[in-house]
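Notes follow the structure.
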There are 2 protein chains.
Amino acid sequence: MKILGTVQETKQEIRAWKKAGLSVGLVPTMGFLHEGHLSLIQRAKKENDKVVVSIFVNPTQFGKGEDLESYPRDLEKDAQLCEAEGVDLIFHPTPEEMYPTGFHTYVNVETLSETLCGKSRPTHFRGVCTVVSKLFHIAAPDRAYFGQKDAQQLAIVKRMVRDLDFDVEVIGCPIIRESDGLAKSSRNTYLNEEQRRAATVLHRALLYGETLLRQGQRDVTQLEREIRAQIEKEPLAQIDYVQIVDALSMQPVPKVEEEILVALAVRIGNTRLIDNLMFTTEN
Amino acid sequence: MKILGTVQETKQEIRAWKKAGLSVGLVPTMGFLHEGHLSLIQRAKKENDKVVVSIFVNPTQFGKGEDLESYPRDLEKDAQLCEAEGVDLIFHPTPEEMYPTGFHTYVNVETLSETLCGKSRPTHFRGVCTVVSKLFHIAAPDRAYFGQKDAQQLAIVKRMVRDLDFDVEVIGCPIIRESDGLAKSSRNTYLNEEQRRAATVLHRALLYGETLLRQGQRDVTQLEREIRAQIEKEPLAQIDYVQIVDALSMQPVPKVEEEILVALAVRIGNTRLIDNLMFTTEN
């Protein structure tokens with residue numbers, strides 16, 4: 001397994017594979033890999049001749065006052081995990097390599113980026129789309145793998161690929177959870193023991209929402225209110241949003257119809273956690 | 001020569017060439033081809049195995065009240081000209097093919113897009129960058145050819161390619177002029193006889209500026225004033241801007257140093273014409 005830090009070397013390596021007719025799967029990450037990332041890598045490994053993992057804590061997707069500096073990093077351990085999974089190449093650039101002096105170009109998916117996380121993180125998805133565009137150009141993947149945990153990100157990247165005619169198949173993979181239901185996230189390491197226990201409220205609230213949906217509740221206001229009430233029972237939890245949106249457009253819906261996303265963002269102490277649930281009505 | 005209207009057919013055709021190891025040159029146009037376009041096609045023909053010309057009057061680069069509807073179109077004549085030059089494929093999509101329902105993704109080069117033409121046409125270059133990104137993904141060119149007449153567009157596309165790590169070499173080609181100096185442009189057809197004569201003032205003013213530069217004038221304010229005065233002698237001419245900027249950043253400079261661009265936009269009647277001159281100081 002190679003670890004490369006420059007765009008040029010990485011392009012060169014991957015172009016040689018492509019010339020030889022090999023398919024490439026890309027797993028874009030910010031590192032500090034957990035079982036969620038590993039599930040993406042395993043799927044990529046199954047479906048492609050070569051697997052590239054990018055490890056880059058992307059500054060343009062962090063807002064002012066967010067956790068860019070403190071975001072956990074451990075390249076050595078990440079490399080061991082990738083090696084064990086049979087990854088062929090880790091792309092691990094510096095911020096200066098990705099954003100050289102005079103960098104001025106941004107890719108943005110309007111509308112879809114403005115709801116949910118986009119409300120409290122107004123430039124977040126612009127940063128995501130910009131770095132993902134770059135990674136797609138650098139790694140020229142046939143397939144790229146994203147976790148369903150970041151459901152809005154997945155919907156936005158899919159829309160970007162369709163709108164800009166990228167030659168990449170975007171594949172969403174299921175949320176991987178701890179045994180008590182907490183969605184795996186590199187940010188879970190921020191939680192102390194008490195906060196860690198409190199954090200299970202996100203998944204519990206979603207399960208409660210799912211129960212109501214399965215019982216036939218279709219009123220969005222009512223559902224959101226009930227899910228909020230579940231979260232508010234936890235004293236350490238501060239709700240950023242609880243919202244039901246259309247699964248493709250990420251826009252609020254008045255009524256549960258077709259495929260919807262129940263999305264939530266909750267602060268436990270200073271740590272902002274997200275989780276979600278997809279639900280399709282039977283028709 | 002094939003004329004294809006869908007993204008999928010065009011990708012399929014070009015992917016087969018790429019698989020066979022053939023290089024592709026792309027000439028993006030809005031059609032109504034003149035000798036300026038033909039010079040780009042001829043250069044592309046020399047440097048690539050296959051040449052693709054896109055003909056698409058791109059709605060996202062027109063502002064409200066601009067000439068989207070009246071922009072001249074003549075696919076039949078364009079096809080004859082392309083055929084005669086040995087073009088392999090014309091990509092001629094509909095607006096609906098390029099911008100399907102729910103299209104929300106835009107590419108923007110900030111800063112460089114905000115000066116010169118970007119001032120009077122604030123969303124113009126965002127439209128250009130978006131459509132050029134799409135064309136690059138569809139045609140997967142090794143090289144793409146743009147005229148130096150649209151100097152700001154060329155600088156912006158080059159920056160976009162660098163910033164987003166596109167695998168395309170962007171090649172700028174010299175301005176082609178009528179015998180009286182007027183830069184070739186599809187919009188010249190809007191001019192009546194009297195306006196057509198008046199339009200030569202753009203090139204005359206640039207030549208006057210060049211004379212002053214060669215005589216050693218380095219004061220930007222002075223140069224801009226002298227060039228404006230030349231244009232103001234023509235009663236049919238209304239200046240949009242006369243500006244000297246850094247040739248790479250498109251930002252105003254206080255003094256002529258290294259490589260600069262003298263850029264101007266002038267209205268003759270309702271027709272907005274642009275022209276420019278690159279100048280490099282000897283050092």
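The interface of residues 5-30 of chain B with chain A, defined by heavy-atom distances below 4.5 Å, comprises B/Val7, B/Lys11, B/Arg15. The interface of residues 240-249 of chain A with chain B, defined by heavy-atom distances below 4.5 Å, is empty. Within residues 133-159 of chain B, the residues that have a heavy atom under 4.5 Å from a heavy atom of chain A are B/Ser133, B/Lys134, B/His137, B/Ile138, B/Arg159, listed by number.
For a residue to count as touching a neighbouring chain, one of its non-hydrogen atoms must lie under 4.5 Å from one of that chain's; by this rule A/Leu112 touches chain B with the side chain only.
Contact count versus chain A (heavy atoms, under 4.5 Å) is highest, among B/Val107, B/Asp167, B/Thr111, for B/Asp167.
To the nearest 0.5 Å, atoms CD (A/Glu114) and NE2 (B/His104) are separated by 8.5 Å.
Taking both residues in full, the closest heavy atoms of A/Phe103 and B/Arg162 are given as N-NH2, 3.4 Å, listed atom of the first, atom of the second, then distance.
Every residue two or more places apart in sequence or in another chain was checked for a ring pair (Phe, Tyr, Trp, His ring centres under 6.0 Å) with B/Phe32, and none qualifies.
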